[in-house]
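So the structure is just underneath, and the comments pick up after that.
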Amino acid sequence: MTPIATPFFFYLLAGTMIIGGVLVITRRNAVHSALALIVALLAQAGMYLMLYAPFVAAVQIILYAGGIMVLFLFVIMLVNLERAQKERQFNRIWPVGLLSAFALGLLFVGVYSKGKTLLPSEMMQIPESSNTQEIARYLYGNYMFAFEIASLLLLVAIIGAVVMAKKRI
Amino acid sequence: MGEITVLHYLVVAAALFILGVIGVLTRRNVVIILMSIELILNAVNLNLVAFSRLYGLHGQVFSIFVITDAAAEAAVGLGILIAFFRNKETINVDEIDLLKW
Amino acid sequence: MQNHILSIILFTPLVGTFVLLLIPGENKNAIRWIANIFALLGFLISLPLVPMFWEKRFEVGFKFIEGAPSNWIPSIGAGYYLGIDGISFLLIMLTTLLGWISILSSWTAIENRVKEYYAWFLVLQTGMLGVFMALDFFLFFVFWEAMLVPMYLLIGIWGGPRKLYAAIKFFLYTLLGSVLMLLGIIFLYYHHHSVGNPYTFSIPALYQTAPGIEFKYAVWLFFAFFLGFAIKVPMFPFHTWLPDAHVEAPTAGSVILAGVLLKMGTYGFVRFSLPLFPAVVMHPKVRGWMIGLSIVGIIYGALVSLMQKDMKKLVAYSSVSHLGFCTLGIFALNPAGLSGSVLQQINHGISTGALFLIVGVLYERRHTREIAEYGGISNVMPVYATITMIMFLSSMGLPLLNGFVGEFTILQGTFLENWKWAAWAVPGVVLAAAYLLWLYQRVFFGTVTNPKNEKLHDLNPRELLCFAPLIIAAFWIGLFPKPFFEILEQPVNKLVTQIRPNYPTAATTVNASATPTAAAPSADSAKGTH
Amino acid sequence: MLGQVAQLFSPTDYLLSLPIVLLTIFALGILIIDLWVPAELKWFNAVTAFIGTLFSLYIVVKIHFFYLSAPSTANGLVGFAQSMLLDRFALYFYYLFLVATLIAILTSVRYLEIEREHHGEYYALMLFAVVGMMCMASAIDVVLLFIGLELMAISTYVLVGFLRRDRRSNEAALKYLLLGAFSSGIFAYGLSLLYGLTGSTNLFAINQRLGQLLQIHPKDPIAIIALITTATGLLFKIAAFPFHQWAPDAYEGAPTTITGFMSVAVKAAAWAMLIRVLFIGFAPLQNVWVPMMIFVSIATMTGANLAALTQTNTKRLLAYSSIAHVGYILLGVVAFGSGQNPAAADGLKGILIYLLVYTFMNLGAFAVIASLRRRDIIGDEIDDIAGLYSRAPFEAVLMLIFLLSLAGIPPMAGFLAKYFIFLSLIESQHYVLAAVAVLYALFGLYYYMKIASAMFMRQPLEREALPVSWGMRIALGITAFATIYIGILPEQFIRAVNWTLGLNQVSSVISQLK
Amino acid sequence: MLFLENIWLIPLLPAFGAALMFFFGRKLEKRTVSAVCVGAVAIAFIMSCGAVWQYTDYAHGTGTPYQKTMYTWLGSGDGHMAFPRSFDGAPSEFKAEAGFLLDPLSSIWLLFVTGVGMLIHIYSTGYMAHEGGYYRFFGYLNLFMFSMLTLILANNYVLLFVGWEGVGLCSYLLIGFYFHRHSATTAGNKAFIVNRIGDAGFLLGMFTIVWYFGTLKFTEVNALARSGHFQIGDHVLTAAALLMFVGACGKSAQIPLYVWLPDAMEGPTPVSALIHAATMVTAGVYMVARSNAIFVLAPTAMKTVAIVGALTAIFAASIGLVQNDIKRVLAYSTVSQLGYMFLALGVGAFAAGVFHVFTHAFFKALLFLGAGSVIHAMSGEQDMRNMGDLRARTPVTFWTMFIATLAIAGIPGLAGFFSKDEILWQTWASEGGAYRILWFVGYATAIMTAFYMFRLIYLTFYGQPRMSHEVEHHIHESPKSMTIPLVILAVCSVFAGYLGFPHSLKGSDRFGKFLEPVFAKEVKVLEAERPGQLAAGEKEEEHTSGTEYLLMFLSVAAAAAGWGMAHRSYSRAARDYREPIAASAPSLYNVLYNKWFVDEAYDYAFTGRRKVGDVRFGVLGLGDASAWTDTNIVDGTVNAAGWLTRATASVSKWWDKWIIDGLLVNGAAYITLPFAYIARLTEWGLVQWYALCMVIGLVGFVFYYVYR
């Protein structure tokens with residue numbers, strides 16, 4: 001079944017994401033930023049659904065919103081400083097940073113507007129019912145090795161986090 | 001409201017990317033900088049998934065890997081941040097000032 | 001022996017180094033003995049080369065060829081490929097001789113870190129010999145650069161107060177030249193390949209193809225090489241590393257530096273710049289510049305040394321002037337000029353080496369080189385004064401001593417090309433007399449004014465032994481230079497024919513000049529007049 | 001179903017993954033054993049790691065011989081469904097990684113004891129990093145590439161910050177992590193665009209599609225953006241201007257042994273990745289990235305050399321010097337990009353040889369500095385190395401050898417590396433570039449000699465002799481020997497590189513790369 | 001042919017003596033020293049007499065030179081260092097032999113050099129008896145003999161140049177013999193360097209010859225020059241001749257290079273006699289005479305020679321008039337006599353010039369030795385104002401010196417008369433018109449010569465004693481070893497003249513005849529050179545003797561006049577006598593007394609030993625300048641380059657510091673705010689600064705490649 005009112009939902013979610021993103025980088029209180037990030041991530045999950053990627057959407061919600069952000073919140077609680085909120089939130093070079101970032105954005109927009117014709121316009125019909133199986137097939141087929149390595153990656157992340165965070169090993 | 005093409009998603013992703021960059025460049029709070037990096041990675045994911053709409057599932061799979069990576073980076077980054085915080089009692093990035101030219 | 005003598009000569013000092021490394025650093029005398037034995041050995045081993053070479057002196061091309069092209073690193077075409085002709089033969093003999101003398105001379109001069117001193121010195125010796133023997137550009141470059149390091153350390157560790165500055169200046173300045181030369185070498189190498197030959201660094205092979213490089217590249221190449229050699233020589237604008245290096249270096253270091261290292265520049269000109277880029281060398285503008293720089297060097301160096309208050313600096317600048325004569329002779333590009341130039345390189349090695357030893361003798365006794373500190377030395381050290389006088393005379397080019405032979409031949413050759421050049425260079429001879437005699441007057445004549453100088457003891461046997469061979473050589477070359485000219489004859493004539501094919505390198509009949517022939521003046525001879 | 005699995009996992013895959021698997025097993029083993037190893041016997045971990053690396057090395061050698069025996073494998077074996085290509089090129093880098101790791105392990109033991117941070121995790125992480133590198137070297141699928149990169153990167157972040165009580169180490173780790181994550185974000189963004197353009201994650205496929213695409217629209221802006229963002233990630237990893245500034249800080253703050261490891265192995269891996277991505281994936285965009293690389297290399301050499309002149313901290317100085325070396329190696333890329341043989345061949349050859357030589361000389365230099373570490377003295381200021389000769393003549397001479405090699409003075413190996421770079425430049429008619437490069441060699445000489453003259457010509461601040469552990473001695477011995485040996489008798493090494501690149505053979509990696 | 005075969009021994013014997021002195025001299029005692037050295041020279045003298053005697057019947061009048069080549073000295077021997085000689089492009093060889101040549105010209109020099117040399121050696125044994133460094137002195141003397149003989153016997157220019165430089169060296173060593181005296185060593189340096197300047201010219205001359213003729217052998221050069229390939233006035237030859245004449249000027253103390261000779265009197269008196277009067281200074285004459293073949297083809301050069309000679313003659317004589325140091329008077333007289341010789345050569349009267357050299361050798365040596373013996377007697381006093389009335393106390397010295405004075409003044413019957421008269425006559429005869437001026441110059445010089453010589457005699461031997469008392473009663477006649485040579489020389493200077501007894505006095509000019517083969521052809525060329533004169537010459541032929549007699553009489557008159565004046569003003573010189581010139585023309589006297597201030601001028605202009613204000617000119621000035629340039633400009637550039645690099649390297653650091661300081665110093669925040677902001681930008685170590693750089697780089701690349 002094709003999604004309904006695609007444009008509306010798209011703009012809704014896009015708006016939510018952008019606003020969330022803006023809030024993330026502007027909030028004084030880190031917790032608020034985290035929450036804003038969660039919102040943005042959820043909105044992005046919605047977009048995944050619109051793009052016929054239910055599995056990714058699920059991963060997004062579970063892993064990101066559920067896992068990573070919790071980690072963030074923990075850390076924020078751990079290192080939360082009253083001081084951090086009182087002093088200024090932006091470093092000295094922020095105007096330049098802002099400027100150059102916007103410049104980059106402008107360039108991107110320009111490029112996309114230039115190169116829009118290059119992308120194939122017709123979309124491929126992806127069977128969403130079997131999406132997960134397909135992904136599994138890919139993961140254990142083409143990307144098996146990468147998948148294994150990814151497990152190592154997570155392992156290393158755990159070790160690293162422990163080594164770094166633990167007072168004495 | 002016309003037809004939503006991949007390009008729309010690209011633009012959104014680009015916006016997200018830029019937001020992330022801004023965050024990285026301007027904020028002092030390391031945690032928030034890490035979050036901004038997450039934003040960037042999400043932009044990447046959005047790109048990938050959007051493209052996978054054109055080419056098939058590779059993109060989605062790739063995005064899963066990127067998420068994994070994001071998780072790992074976040075974990076390690078926060079760990080290092082804690083170690084740093086122990087020594088320095090701050091999480092402000094411009095107070096990382098021992099090493100300079 | 002015949003076919004390995006070069007390697008034997010080349011590696012004897014290195015063996016000495018390794019032997020030294022085995023000896024504990026405490027017993028300095030043992031180290032000194034070993035070092036001197038090996039230095040002397042290096043000299044003695046090189047002596048058999050003389051008769052061997054003498055038989056072959058008129059044979060064409062390189063002799064005692066050893067190894068082969070690209071047998072060392074076949075895949076880039078570098079080879080352990082040795083061989084000598086008259087020019088390198090003379091310089092090799094000079095090197096072994098001076099190496100021995102300077103190691104002998106530093107018996108008492110060096111007190112701390114004796115072991116490494118001698119070790120580095122022997123390494124340096126091998127490096128220098130290698131430069132003169134290599135017939136492979138890669139090998140040549142390896143030796144050329146490898147030799148910088150020991151010299152750098154010799155200056156930097158055992159040098160005077162400003163040793164760090166002098167050492168690094170020496171190293172950087174020389175390297176500046178050689179890196180550009182490296183590019184030049186690589187270009188030749190690639191060009192050789194691009195005209196359809198296998199990659200090789202063999203110098204004889206490159207002699208074949210290099211002249212074919214089109215002019216606009218050849219000029220750049222010439223200057224790439226030129227910079228390297230001109231800094232080494234040193235020619236006029238690039239000479240300022242020399243005084244510093246000399247003043248700071250220990251005596252033996254200066255002797256080797258002046259005696260041998262500087263020759264590498266001139267050797268490079270003769271061995272590489274001339275045969276590789278004949279078109280450029282003969283190009284009037286380029287040649288004019290070379291000659292001009294040489295002449296400026298001659299006069300300028302002499303004038304500057306006239307004004308020095310430090311003996312060693314004076315001698316250093318004087319060698320700028322003398323080397324100016326060498327380059328002048330080289331770019332005269334005729335047999336007289338070239339062979340005179342090579343001979344003058346030998347002479348400079350002998351006399352200036354001796355001069356540095358002379359300064360060293362005083363420095364060892366009084367630890368100052370200020371001319372003003374001295375005066376009336378000939379009252380207390382008559383033998384020393386006599387030797388000094390002889391060496392000064394040889395350095396200022398008095399007939400029957402070596403200096404004259406070289407300078408006369410060079411100027412003669414230059415005059416044959418263009419009388420103006422010779423005319424500009426000749427004042428250098430006068431100035432040489434001026435600064436040397438003035439120095440002699442201030443240091444040796446008069447009465448002893450400075451009480452510190454009253455107790456100076458005259459030369460001891462070891463020092464005499466240092467000077468003896470130099471004096472003998474000076475007189476030999478002065479009185480009977482013919483053998484040297486004969487040794488140089490073949491390579492020099494080969495060079496000239498390579499550069500200017502229509503130049504008569506052999507007089508048809510020995511007494512042609514007695515009976516005037518009605519031949520029309522040839523192009524070359526016409527050049528001289530107008 | 002099982003049949004499917006069997007068809008998914010072939011003997012080839014087994015062979016190709018074996019070195020990696022072995023390393024992984026040993027890493028995990030260390031992690032577990034470490035729990036029972038008492039504090040004073042921690043060197044046991046080092047031994048385990050060493051043995052593991054040796055095993056892996058053994059397998060690599062076996063693969064090597066298998067390739068030698070089977071001419072059909074001239075282009076290497078493709079495994080894991082086109083995601084991994086273990087060709088000679090990868091094999092070469094495997095050797096580099098493993099040797100570097102061995103030496104790094106040797107140097108680490110005593111250093112860590114002095115730092116009181118001797119934990120098994122250190123070695124485990126090292127091995128994991130190597131796994132990541134191997135993936136980078138042998139991946140032809142961007143996904144695998146990216147994951148490998150991240151595996152290596154994250155392990156390195158932790159290793160850099162491993163001295164948790166040392167503020168400089170923390171800072172270095174944090175900076176490195178922030179910037180690294182940032183750059184890998186950009187990198188991933190570029191990859192995603194690449195995927196979007198070509199619809200594939202396989203480099204060869206990307207190469208073809210991109211080629212077709214550019215046939216239709218030359219100067220496709222999105223392609224260029226993809227290139228530049230990707231290149232940002234690559235250049236960041238090899239620390240080239242303007243993405244190099246993390247390097248000095250990270251190098252200075254990290255444990256010296258890790259600094260050596262990073263400057264050699266990590267960098268080599270990054271180079272392998274860069275070569276794969278640029279030369280295969282972005283080959284069609286050559287006319288874009290060649291000038292870009294020219295600019296980057298000149299800028300890198302300039303910046304790094306100038307910065308190095310004023311350094312008083314040896315680690316930082318060497319960090320800048322290694323950036324400068326990156327500039328040189330990039331020249332090889334430029335020569336390769338110029339396209340025509342023999343310039344391209346020699347350019348690539350130059351890169352490989354440079355990395356080989358660089359591995360030994362730089363590790364050696366850092367090993368010497370690491371050996372200066374003592375309880376109270378960090379030992380990375382130039383004053384600490386002053387008069388080293390009178391305290392430890394042997395090490396001083398070795399250090400001199402390494403420095404000379406870094407400066408590219410023959411007969412040290414460094415000269416050979418520079419030689420090939422210059423040769424390739426001359427062959428590709430980049431004369432000016434070559435001249436600039438050689439002139440920057442002078443800068444290099446100046447600051448290296450600053451260290452040398454400190455060692456030989458200055459008086460030591462304190463005279464006590466340096467205790468040097470056996471591991472350190474072996475490491476120094478190996479590196480110094482290699483540095484001189486490659487310098488004097490490089491023939492078989494050059495041959496090896498030729499074999500690696502399949503030069504003078506039927507099928508050449510180069511032709512396949514382009 | 002024993003002596004002729006072994007002619008090479010003649011120079012080698014003294015060389016051997018010298019070597020002996022240098023190596024073992026310190027150990028030998030004085031007797032052995034003098035035995036060896038004097039012996040060596042004596043044998044050399046005997047051998048040369050033998051050689052010349054054998055030569056006469058070897059050549060029997062044809063004057064074909066005898067040559068003996070020892071070995072090839074320069075050049076590789078068998079014609080392999082070749083070059084195309086310029087005038088016809090024929091390939092010829094760069095080569096110089098160690099070969100000896102004996103012909104009339106060289107045999108004359110050979111004789112008087114060895115002869116006078118031997119005498120002076122003998123004399124020195126007495127004179128130096130009480131000096132330190134005895135062996136050194138004789139070593140140098142022998143070395144000098146060796147060089148001088150090489151110079152004379154060389155068969156090519158380079159070998160001649162060897163002797164040429166050798167004698168220069170010896171004069172340097174001997175002038176500086178008393179090396180404790182700063183003035184002595186300075187004089188030595190001056191002599192050597194001035195000679196070097198001349199030598200430079202000589203070198204260039206030689207090069208020109210080689211380049212043109214392709215050879216340096218006298219015989220070949222002469223053969224070519226006379227082969228008629230070159231028309232008279234050939235430019236190259238003129239250049240060559242002039243350049244060689246520069247060399248001659250240096251060696252033979254002609255204007256402008258004469259300045260060294262007077263100072264050279266710092267040396268021991270025998271040295272002055274041997275080197276600076278009799279032998280060495282005549283080397284220039286020898287060289288010019290030797291290359292007469294070239295000179296006659298270059299009339300310009302000839303004229304130059306003549307004019308320079310004449311000028312020098314009168315110039316030096318004028319200075320000699322008022323000098324008080326006995327040796328300086330003689331020195332200047334030497335210079336002026338040399339001027340005569342060059343005048344002779346210049347006008348083509350080679351034989352006359354050589355003849356004057358010959359005679360001059362005897363009486364000038366005698367004068368110097370006499371002066372030496374006077375100084376010896378006066379225990380070192382050299383100022384004639386403090387002498388007087390020595391006639392009785394040192395009779396031998398007096399009489400011998402008196403004879404010499406008569407000779408040099410040109411009193412008939414003595415050597416000087418014949419030679420000088422010959423020169424004057426030739427000067428008058430050879431050139432017509434304006435060149436007669438030269439004759440007048442020579443004539444004036446003759447008067448002056450007579451005057452100052454007799455002034456010397458009167459001041460020294462007549463009048464009242466003006467010396468202090470202790471000096472006075474030390475006065476004694478010198479030992480035999482010194483007086484005997486005086487006597488011998490006196491005899492020579494009486495009779496030497498008769499060898500050249502002119503035809504006009506019914507004599508047979510043996511001397512001229514002997515030299516005939518060397519110069520004859522020149523005379524012809526000279527005739528050819530000016531056919532106009534030829535007619536005149538013919539015309540003169542009949543009344544030639546008349547003019548000659550007239551001139552002869554005039555010159556006698558000149559001598560007499562000089563003598564008379566001297567007698568009037570000095571014969572009764574008391575302690576308080578006044579110089580007549582000083583009385584009449586003090587300014588002129590001052591100028592003359594200060595030698596026309598030439599030395600000062602040179603010091604200001606050329607050497608730069610004196611500063612004008614506080615500016616140096618001349619060589620030392622140049623030296624200062626270039627030394628300054630070297631340290632500040634040439635080396636400065638090098639260091640600046642290095643400095644600049646390091647500066648740029650650390651500029652950001654400074655920038656920061658500088659700005660911050662600026663902030664602190666002037667609190668004008670609103671000005672410095674932007675700067676301070678930039679400063680903060682460049683604050684390294686901030687992570688986000690790195691990130692910013694990355695992004696900027698990204699932007700830059702994208703912009704460049706997409707929107708280019």
Best-contacting candidate, B:L34, B:L46, B:V24, against chain A by heavy atom pairs under 4.5 angstrom: B:L46
Using a cut-off of under 4.5 Å for heavy-atom pairs, which of B:I80, B:I33, B:V76, B:V11 has the most such pairs with chain A? B:I80
Can you tell which of A:L155, A:I68, A:I149, A:L13 has the highest number of heavy-atom pairs within less than 4.5 Å of chain B? A:I68
Find the distance between CD (A:E134) and CD (B:Q60) and round it off to the nearest 0.5 Å. 10.0 Å
Return the minimal non-hydrogen interatomic distance between A:A101 and B:I22, and the atom names on each side. CB-CG1, 3.4 Å
Has B:R27 got its NZ or CZ under 6.0 Å from the middle of the six-membered ring of A:F90, at an angle within 45 degrees of the ring axis? yes
Which region of A:V24, side chain (C-beta onward) or backbone (N, CA, C, O), has a non-hydrogen atom less than 4.5 Å from a non-hydrogen atom of chain B, or is it both or neither? both
Is it the side chain or the backbone of A:L98 that comes within 4.5 Å of chain B heavy atoms, both, or neither? both
When the ring planes of B:F17 and A:F108 are compared, do they come out parallel, tilted or perpendicular, using 30° and 60° as the limits? parallel
Interchain contact, B:E73 with chain A, by part (heavy-atom threshold 4.5 Å): neither
Is it the backbone or the side chain of A:S100 that comes under 4.5 Å from a heavy atom of chain B, or both, or neither? side chain
What closest approach, in Å, do B:A75 and A:A161 show between heavy atoms, and which atom pair accounts for it? O-CB, 4.1 Å
Straight-line distance of B:L78 CG to A:L78 CG, nearest 0.5 Å: 10.0 Å
Contact part of A:L104 toward chain B, heavy-atom cut-off under 4.5 Å: side chain, backbone, both or neither? both
For the CD1 atom of A:I25 and the CG atom of B:L19, what is their distance to the nearest 0.5 Å? 5.0 Å
For the candidates B:V21, B:L25, B:D69, B:N42, which exhibits the highest count of non-hydrogen atom pairs separated by less than 4.5 Å from chain A? B:N42
What pair of heavy atoms forms the shortest contact from A:F72 to B:A74, and how long is it? CE1-CB, 4.0 Å
Centroid separation under 6.0 Å, is that true for the rings of A:F10 and B:Y9? yes
B:V61, part contacting chain A, at a heavy-atom distance under 4.5 Å: side chain
Check whether B:L81 gets within reach of chain A through its side chain, its backbone, both or neither, counting any heavy atom under 4.5 Å. side chain
Looking at chain B, which one of A:I159, A:L153, A:V59 has the largest number of heavy-atom pairs inside 4.5 Å, strictly under? A:L153
Could you go through A:N142 and B:H58, starting from their C-alpha distance and side-chain angles, then the distance that decides it, and tell me whether this counts as side-chain contact (heavy atoms from CB on, under 4.5 Å)? CA-CA 9 Å; A:N142 304 9; B:H58 292 277; 3.7 Å; yes
Considering non-hydrogen atoms only, spot the tightest contact between A:M164 and B:A83 and give its length. O-CB, 3.5 Å
Any side-chain heavy atom of B:L57 within less than 4.5 Å of one from A:Y52? no
Region of A:F147 in contact with chain B, defined by heavy-atom distances below 4.5 Å: both
In Å, rounded to the nearest 0.5 Å, how long is the span from CD1 of B:I18 to CZ of A:F102? 9.0 Å
Nearest 0.5 Å please: distance from the CD1 atom of B:I32 over to the CZ atom of A:R28. 10.0 Å
Can you tell me how far the OG atom of B:S63 sits from the CG atom of A:L51, to the nearest 0.5 Å? 10.5 Å
B:R86 versus A:K166, closest heavy-atom pair with distance: NH2-C, 3.9 Å
